[in-house]
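The residues of the chain are indexed from 1 along the displayed sequence. No experiment lies behind these values; they were computed from the predicted model shown.
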Amino acid sequence: MGCVARTNSVLLIFSFTVATSAGGFPRREPDQTENDKRDEHVVPITLRQLQVFLAIAKAENIGAAAEQLSMSKSAVSQALSELEGRLGVQLFDRNRGRIFLTPEGRRMMPQADEMVHRADDITDLFRQSRRYCQFRVGCTRTIGTFMIADLLRGFRDEKGWMPAAEIANTRIIAEKIQRFELDIALIEGPVTDTDLITTPWMADEMVVVAPKDHPLTGRPVSFEELEGVSWILREKGSSTRDFFETQLRQRLSRVEVMAELNSFDAILRTVLLGLGLTYMSRRVLNDPYYGRFVSQVEIPERFFRQLTFCHERDKYFSNDIEAWIEHCRNYARIMERREAERVQSI
């Protein structure tokens, strides 16, 4: 596969060898006869066509893709038609105004995404400074509420710009990673899709949280005492709720859930009104606002969960993404060192 780049335009041309057999791309070296026929089998693919392909795949709508690329719908349709014609495959199925990736299109996604990001890397070689997002980060709600602001600020202080960030629950983040709408994510819950890879990032302690003046704060509390309280919890299916069910609830013979809310702000405000206790990341205690008003309830056991990086199996990591990963790892090391110092001081 050859590559010619011109950084002041979108004329980045790649050559893909089209396999003529059902077995896919040939792995052996071509013989002389094949070399003589190379012009019949080498198909030029432009960077713009790959950008069009990715935009349509993510938007599942030609009009939305055209708007994203600042192109007309007819130009986007023509670019897609030329790409499919040159590859000799159908990349999308059409149905009632929406289009969906075919198996061939899904197979092409990782390579197309990699090519576009590599083109960005080439451009970055000659760019002195930038203030815009070069990649897209996802995070689940605990990380989005208590950590992403610090991570973005630290990255901006170091690099001079920030990536785009999106906060959602684990299921939605996983779906966006799979569709290449996000480049990498920080998540707190497990994923089951075999096309997604998770690697450890940092440990997160889960604690029982109450208002500072609650009768159960400031002293050790038994599990039996917790059986008489009301709970304000995340909704079923959220990773925080899952950890409550698999960790703390297993120690309690009785649980009264007063309310299920999908917002940490709403949960904490409800707790501060005295309607119940909650179970969430210990990081809430260091929150600039809520940390002043809530306390940890001391229970007989400590519970932890593993926060992870999540990405698509074949995802290409650009220099920017690698820098973000290292930045997050450094943040984790700092947080773990602080936690170790806190525990030693008790």
Check your understanding: Should L272 and R269 count as side-chain neighbours, where that means a heavy-atom distance under 4.5 Å?
Key -> no
Review point. How about K73: does its NZ atom have over 12 heavy atoms from other parts shown lying under 6.0 Å from it?
Key: no
Review point. In Å and rounded to the nearest 0.5 Å, what is the CH2 to CG distance from W231 to L226?
Key: 5.0 Å
Review point. Is the closest side-chain heavy-atom distance between S295 and H214 below 4.5 Å?
Key: no
Point to revise | Cluster check I173, I143: I/L/V/M/F/W/Y, side chain < 4.5 angstrom | key: no
Practice item. Take the angle between the ring planes of F317 and H311 and call it parallel below 30°, perpendicular above 60°, tilted in between. Key: perpendicular
Review point. Hey, what do you get for CD1 (I299) to CZ (F223), rounding to the nearest 0.5 Å?
Key: 5.0 Å
Review point. Do E336 and R329 meet the salt-bridge criterion of a basic N to acidic O distance under 4.0 Å?
Key: no
Point to revise | CZ on F303 to CG on L248, rounded to 0.5 Å | key: 5.5 Å
Exercise for review: Could you walk me through whether Q51 and L47 pass side-chain contact (heavy atoms from CB on, under 4.5 Å), step by step?
Suggested key: CA-CA 6 Å; Q51 291 171 329; L47 176 61; 4.0 Å; yes
Practice item. Indicate yes or no: does E205 engage R302 in a salt bridge with an N to O separation below 4.0 Å. Key: yes
Review point. More than 12 foreign heavy atoms under 6.0 Å from CZ of R333: is that the case here?
Key: yes
Practice item. Write down the atom of G189, the atom of S239, and the distance for their closest heavy-atom approach. Key: CA-CB, 3.7 Å
Review point. Side-chain contact, heavy-atom cut-off 4.5 Å: M147 with Y331?
Key: yes
Review point. Quick one: does L83's side chain get under 4.5 Å of M108's, heavy atoms only?
Key: yes
Exercise for review: For residues F135 and H117, establish whether the separation of their ring centroids is below 6.0 Å.
Suggested key: no
Check your understanding: Any idea which heavy atoms bring L216 and R219 closest together, and the distance?
Key -> CD2-NH2, 3.2 Å
Revision key, fill the gap. The reported gap from CG in N330 to CG in L151 (rounded to nearest 0.5 angstrom) is 10.5 Å
Practice item. Specify whether F155 and H327 have parallel, tilted or perpendicular ring planes, treating 30° as the upper limit for parallel and 60° as the lower limit for perpendicular. Key: perpendicular
Exercise for review: Decide, yes or no, whether a salt bridge links R94 with E84 under the criterion of side-chain N to carboxylate O below 4.0 Å.
Suggested key: yes
Practice item. For the pair Y316 and Q111, evaluate side-chain hydrogen bond (donor to acceptor under 3.5 Å, both in side chains) and give the outcome as yes or no after the intermediate values. Key: CA-CA 8 Å; Y316 164 70; Q111 288 78 10; over 6 Å; no
Check your understanding: Can you find a pair of side-chain heavy atoms, one from E312 and one from R179, that are under 4.5 Å apart?
Key -> no
Review point. With the 4.5 Å side-chain cut-off for hydrophobic clustering, are I184 and W161 part of the same group?
Key: yes
Point to revise | Any donor-acceptor N/O pair, K236 side chain to R241 backbone, under 3.5 Å | key: no
Study note, to complete from the structure: Here the pair of heavy atoms bringing A203 nearest to Q306 is N-NE2, 4.1 Å
Check your understanding: Taking W201 for the side chain and L186 for the main chain, is one N or O donor matched with an acceptor at less than 3.5 Å?
Key -> no
Review point. Got L252 and V255 here, is their nearest side-chain heavy-atom distance under 4.5 Å?
Key: yes
Point to revise | Minimum heavy-atom distance L152-A165, with the two atoms named | key: CD1-CB, 4.3 Å
Practice item. With R234 as the cation and F264 as the aromatic partner, state whether NZ or CZ is under 6.0 Å from the six-membered ring centre and within 45° of the axis. Key: yes
Exercise for review: Measure across L50 and A112 and return the closest heavy-atom pair with its distance rounded to 0.1 Å.
Suggested key: CD2-CB, 4.2 Å
Review point. Which residues satisfy the side-chain hydrogen bond (donor to acceptor under 3.5 Å, both in side chains) test with S72, sequence neighbours excluded?
Key: S74
Review point. Side chains of V137 and L182: does their closest heavy-atom pair fall under 4.5 Å?
Key: no
**Study point:** Check against salt bridge (Lys or Arg N to Asp or Glu O under 4.0 Å), E256 and R254
**Key:** CA-CA 7 Å; E256 179 188 1; R254 177 182 177 275; 3.7 Å; yes
Review point. Counting only N and O atoms by type, is there a donor-acceptor contact under 3.5 Å from the side chain of T278 to the main-chain atoms of I232?
Key: yes
Review point. Given T198 and F309, is the side-chain contact (heavy atoms from CB on, under 4.5 Å) satisfied, shown in steps?
Key: CA-CA 5 Å; T198 59; F309 295 102; over 6 Å; no
**Study point:** Transitive ILVMFWY side-chain link I62 to L101, under 4.5 Å
**Key:** yes
**Study point:** Between R305 and T142: side-chain donor-acceptor atoms closer than 3.5 Å
**Key:** yes
Practice item. Spell out, as yes or no, whether a donor-acceptor pair under 3.5 Å connects the side chain of T308 to the backbone of C310. Key: no
Practice item. Mark yes or no for whether T217, through its side chain, and K212, through its backbone, hold a donor-acceptor pair below 3.5 Å. Key: yes
Check your understanding: Under 3.5 Å, is there a donor-acceptor pair linking the side chains of E188 and T140?
Key -> yes
Point to revise | Backbone N/O of T46 and side chain of Q49: donor-acceptor pair under 3.5 Å | key: yes
**Study point:** Close side-chain approach of D195 and D193, heavy atoms under 4.5 Å
**Key:** yes
Exercise for review: Considering only NZ, NE, NH1 and NH2 on the basic side and carboxylate oxygens on the acidic side, decide whether E181 and K176 come within less than 4.0 Å.
Suggested key: yes
Review point. Does T102 offer a backbone N or O that forms a donor-acceptor pair with the side chain of Q90 under 3.5 Å?
Key: no
Exercise for review: For the pair E339 and R342, find out whether any cationic side-chain nitrogen is under 4.0 Å from an anionic carboxylate oxygen.
Suggested key: yes
Check your understanding: Do any N or O atoms from the side chain of N169 and from the backbone of S238 form a donor-acceptor pair under 3.5 angstrom?
Key -> no
Review point. Run the ring pair (Phe, Tyr, Trp, His ring centres under 6.0 Å) check on F92 and F53 step by step: do they pass?
Key: CA-CA 9 Å; F92 294 94; F53 166 75; 5.6 Å; yes
Practice item. Using a strict cut-off of less than 4.0 Å between a Lys/Arg side-chain nitrogen and an Asp/Glu carboxylate oxygen, indicate whether K315 and E114 qualify as a salt bridge. Key: no
Review point. Looking only at heavy atoms, which two atoms of A59 and A65 are closest? And how far apart?
Key: CB-N, 4.1 Å
Practice item. Kindly determine whether V297 and Y279 satisfy side-chain contact (heavy atoms from CB on, under 4.5 Å), including the steps that lead there. Key: CA-CA 10 Å; V297 176; Y279 186 71; over 6 Å; no
Exercise for review: Take S253 and E227, measure what side-chain hydrogen bond (donor to acceptor under 3.5 Å, both in side chains) needs, and give me the verdict at the end.
Suggested key: CA-CA 7 Å; S253 61; E227 292 173 355; 2.9 Å; yes
Practice item. Measure the CZ-CD1 distance between R141 and I148 for me, rounded to the nearest 0.5 Å. Key: 13.5 Å
Review point. Is there a side-chain contact (heavy atoms from CB on, under 4.5 Å) between L80 and I56 once you walk through the steps?
Key: CA-CA 9 Å; L80 175 59; I56 295 174; 3.8 Å; yes
Review point. Is atom CD of E82 surrounded by more than 12 heavy atoms (other residues, nucleotides or ligands) closer than 6.0 Å?
Key: yes
Check your understanding: For the side chain of S81 and the backbone of S77, is there at least one donor-acceptor N/O pair under 3.5 Å apart?
Key -> no
Exercise for review: State whether D204 and R283 are salt-bridged, where the test is any N-O pair (Lys NZ or Arg NE/NH1/NH2 against Asp/Glu carboxylate O) under 4.0 Å.
Suggested key: yes
Review point. So how far is it from I187 CD1 to L307 CG, rounded to the nearest 0.5 Å?
Key: 9.5 Å
